[in-house]
Amino acid sequence: MAIQKPYNDLLTRLDNTRLPQHIGIIMDGNGRWAAAAGKARTFGHKAGAEALRRAAEICREIHIPVLTVFAFSTENWRRPPAEIDFLMRLLGQYLQQELSLLQKENIRLNGLGDWSILPAHIRQLYDEAKQATANNSEMTLNLAVNYGARQEIVRAAQRLATATQAGELKVHEIDEEMFAAQLETASQPELDLLIRPAGELRLSNFLLWQAAYAELFFTPLMWPEFSKRDILLAIIDFQTRFRRFGSI
Ligand code: IPE
Ligand code: IPE
Ligand code: MG
């Protein structure tokens with residue numbers, strides 16, 4: 001199966017001195033992938049969770065410091081309740097089942113987004129996994145659930161406004177660095193590469209601030225069919241880009 005294809009040839013093509021320090025993935029196309037196979041959307045979500053395991057393993061193997069994956073957006077509450085319910089149960093299973101892999105691979109789990117309104121047992125599993133992996137140091141896996149970049153930015157603005165109102169801060173002291181420090185990715189490396197599968201050419205409210213100078217990689221492949229090779233191919237493509245950052 002394509003998903004298990006060997007990838008050693010691609011490892012030799014990687015420039016280890018120019019690896020992205022932070023990769024973001026919008027895990028999209030689960031539903032369409034399942035529908036194309038005549039299956040229910042839920043089947044696609046399960047396969048999507050397996051694609052996430054492959055992505056985390058390969059990123060860890062080649063020493064990417066931070067991987068951020070978009071699992072559920074603030075807009076995904078608009079979906080039918082049965083699908084939301086399934087996604088929440090899948091998240092619970094993921095947190096439970098992947099913990100041993102995260103430990104074995106020395107990966108730290110970190111949630112992005114507002115988890116406070118998620119079902120209590122999910123929050124508990126998350127708290128346990130976060131605590132258990134807190135000292136893992138090979139890679140950070142940011143799991144974005146009930147995450148929206150606009151909300152993240154608004155919350156940052158509110159915190160700075162509160163501090164200003166309390167007299168702890170002057171308006172002219174607020175700069176990009178201070179603002180970024182209020183975001184959920186504070187103290188993490190800049191987003192270098194943003195991957196969006198499933199042929200959609202938009203960001204869907206993911207990491208808007210952080211994506212300012214990220215290299216964007218769009219592909220028609222659906223997320224469940226993403227192999228370790230496909231992740232490596234995206235990184236190899238990233239390494240061919242000339243990043244000017246506004247210079248010439
Ligand atoms: C991404 O796949 C998973 C979530 C948004 C939770 P989709 O469920 O959006 O799949 P498509 O885009 O309908 O194919
Ligand atoms: C983005 O995918 C959110 C996640 C992958 C979690 P969507 O499928 O929700 O995005 P749109 O609706 O196509 O923009
Ligand atoms: Mg989608």
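Order of appearance sets the numbers: ligands from 1, and atoms from 1 within every ligand. These numbers come from the heavy atoms of this one structure, side chains and all, not from hydrogens, waters or symmetry mates.
The 12-atom threshold is exceeded at NZ of K130, counting heavy atoms of other residues, nucleotides or ligands nearer than 6.0 Å. Heavy atoms from other residues, nucleotides or ligands lying under 6.0 Å from CG of N135 number 12 at most. Residue-environment remark: CD (E61) exceeds the threshold of 12 foreign heavy atoms within 6.0 Å. For R150, the CZ atom is loosely surrounded, since the number of other residues' heavy atoms within 6.0 Å does not exceed 12.
Taking every non-hydrogen atom of R202 and a distance limit under 4.0 Å, the qualifying atoms of ligand 2 come out as 11 (P), 13 (O), 14 (O). If you number the atoms of ligand 2 from 1 as listed, the ones under 4.0 Å from a heavy atom of I26 come out as 1 (C), 5 (C). Annotation for ligand 1: atoms under 4.0 Å from non-hydrogen atoms of R32 are 11 (P), 12 (O), 14 (O). Set against the non-hydrogen atoms of F72, the atoms of ligand 2 under 4.0 Å away are 6 (C). Those atoms of ligand 2 with a heavy atom of D28 less than 4.0 angstrom away are 2 (O), 8 (O). Of all atoms in ligand 2, listed by their number and element, those nearer than 4.0 Å to a heavy atom of M27 are 5 (C). The L87 neighbourhood of ligand 1 comprises atoms 6 (C), with distances under 4.0 Å to a heavy atom of that residue. Atoms of ligand 1 found under 4.0 Å from any heavy atom of A71, numbered from 1 in the order shown, are 6 (C).
The cluster map of Ile, Leu, Val, Met, Phe, Trp and Tyr, joined by side-chain heavy atoms under 4.5 Å apart, puts W33 and I231 in different clusters. A single hydrophobic cluster is not seen to contain both M222 and I26; linkage of ILVMFWY side chains at heavy-atom distances under 4.5 Å, directly or through other members, places them apart.
Distances shorter than 4.0 angstrom occur between a heavy atom of R79 and an atom of ligand 1. Ligand 1 lies nowhere less than 4.0 angstrom from a heavy atom belonging to G48. Look at H45 and you'll find a heavy atom under 4.0 Å from some atom of ligand 1.
Take the Mg ion (ligand 3) and draw a sphere of radius 2.8 Å; the protein N/O/S atoms inside it number 1.
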Which donor-acceptor pairs under 3.5 Å do side chains of residues 165-181 form with protein atoms, sequence neighbours excluded?
unit_1 : atom_1 : unit_2 : atom_2 : d
E173   : OE1    : K170   : N      : 2.8
D175   : OD1    : E177   : N      : 3.4
D175   : OD1    : M178   : N      : 2.9

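Below 3.5 Å of separation, one finds no N or O of N76 facing any N or O of ligand 1.
For the residue pair E184 / N142, no side-chain donor-acceptor distance below 3.5 Å is found, with atom types taken as modelled. Judged purely by distance below 3.5 Å, without hydrogens or angles, the side chains of R108 and T133 never pair a donor atom with an acceptor atom.
Ranking protein heavy atoms by distance to atom 10 (O) of ligand 1, first place goes to G31 N, 2.9 Å. Counting protein heavy atoms only, atom 14 (O) of ligand 2 is closest to S204 OG, 2.6 Å.
Residues L90 and H45 approach most closely at CD2-O, 3.3 Å, considering heavy atoms. The two residues I153 and L208 make their nearest non-hydrogen contact at CD1-CB, 4.4 Å.
Neither the backbone nor the side chain of A144 has any atom closer than 4.0 Å to an atom of ligand 2 (non-hydrogen atoms only). At a heavy-atom distance under 4.0 Å, only side-chain atoms of R196, from C-beta outward, approach ligand 2. When heavy-atom distances to ligand 1 are checked against a 4.0 Å cut-off, A198 has no atom that comes that close, whether in backbone or side chain. Contacts with ligand 1 closer than 4.0 Å are made by side-chain heavy atoms of R41 only, the backbone lying farther away.
Distance check on atom 12 (O) of ligand 2: every protein heavy atom falls at or beyond the 4.0 Å cut-off.
Taking the six-membered ring for Trp and thresholds of 30 and 60 degrees, F206 and F70 have nearly parallel ring planes, at less than 30 degrees apart.
Separating the CG atom in L141 from the OG1 atom in T68 is a distance of 8.0 Å, to the nearest 0.5 Å. Taking CD1 of I23 as the reference point, atom CD1 of I235 lies at 3.5 Å (rounded to 0.5 Å).
Of the possible donor and acceptor atoms, one in the side chain of N136 sits under 3.5 Å from a partner among the backbone N and O of I107.
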